[in-house]
Structures are given as structure tokens and as C-alpha cells.
Amino acid sequence: MAVRNDWQSDDDQPKTRADYRREQEQANQSHQRRRGQDVRPDSPVTDNPQGLEQNGDTAPLSQSEYKQRRLGRRLNWVIFWLVVLIITVYIILFFVEF
């Protein structure tokens, strides 16, 4: 017996990853059609459709490279803010006597 969440009805079956990706791809293609863009079913879906961010060559980044760079930037900001918070806590602890 499968575990049922509160938001699921009794007849809902859990989706597989393939089903979810297929639905996302269809939604993306219908969105592009509404915007009047050319839709090719074999083209990869990327968050960077114009290839604005490029590596050393003139080739656009692949989806995985783009995601890695975006994640790297986000992680760098997280590290920066954690260092700032740690320094702030040390300064507060240095000047405040308990």
C-alpha cells in the first residue's frame, strides 16, 4: 500500500520522473508556441535560450554547464554571507560581556 499525502485524492497515482519531465516539456513547448517561437521537439530545454553566457569559445553553454555556473555563483554568495555573519558574531561577542 502506497503512502497517500493529504493533498492527493484517492485516485491519484504518483508520477514518475519521466511523466513529470514530459509534462514540463509539453508546457514549455506550448508556452513557446503562444509566444510565436519555433519549437523543435529534439532541442534541449535550457534556462538560457539565447546562450547569453558563454565559455571561452563562442559556443553557447549546455544546460548542465549553465546550471553548474549558476549554482557556483549562488554558493559563492552563501559563503560570503556566512563569513560576514561569523565575523559579526565574533565582534558582538568581543564587545559584549556576559
Side-chain angles (χ1 to χ4, degrees):
M1 179 171 179
V3 176
R4 189 177 67 84
N5 294 320
D6 292 336
W7 51 268
Q8 287 179 317
S9 64
D10 292 332
D11 59 340
D12 281 345
Q13 296 294 323
K15 293 181 184 177
T16 63
R17 289 183 185 187
D19 292 337
Y20 180 77
R21 287 183 183 140
R22 198 174 307 114
E23 285 180 6
Q24 292 298 316
E25 185 176 322
Q26 288 173 350
N28 186 27
Q29 287 177 357
S30 66
H31 176 71
Q32 288 178 350
R33 281 191 198 106
R34 285 192 301 260
R35 292 183 64 205
Q37 296 176 350
D38 180 35
V39 177
R40 290 177 284 152
D42 60 341
S43 66
V45 178
T46 63
D47 292 337
N48 190 5
Q50 288 84 23
L52 297 176
E53 197 173 339
Q54 297 179 349
N55 53 16
D57 303 332
T58 57
L61 294 175
S62 70
Q63 184 177 9
S64 63
E65 289 173 341
Y66 175 73
K67 286 183 177 182
Q68 285 177 349
R69 287 193 180 181
R70 186 177 65 181
L71 180 62
R73 282 193 306 270
R74 288 181 177 181
L75 288 175
N76 286 339
W77 278 108
V78 167
I79 292 169
F80 170 76
W81 286 112
L82 285 175
V83 169
V84 168
L85 289 173
I86 290 171
I87 292 171
T88 305
V89 167
Y90 278 125
I91 290 173
I92 290 171
L93 290 174
F94 182 75
F95 288 112
V96 175
E97 295 182 28
F98 288 101

Approximate separation, where rounding is to 0.5 Å, of S64 OG and R69 CZ
11.0 Å
Go through the steps for R21 and Q24 under the test side-chain contact (heavy atoms from CB on, under 4.5 Å), then give the verdict.
CA-CA 5 Å; R21 287 183 183 140; Q24 292 298 316; 5.6 Å; no
Value rounded to 0.5 Å, distance of CD in Q32 from CZ in R34
10.5 Å
I need the R22 CZ to T16 OG1 distance, nearest 0.5 Å.
6.5 Å
Which side-chain N or O atoms in residues 76-91 pair as donor and acceptor under 3.5 Å with protein atoms at least two apart or in another chain?
residue: N76; atom: ND2; partner: G72; partner atom: O; Å: 3.3
residue: T88; atom: OG1; partner: V84; partner atom: O; Å: 2.7

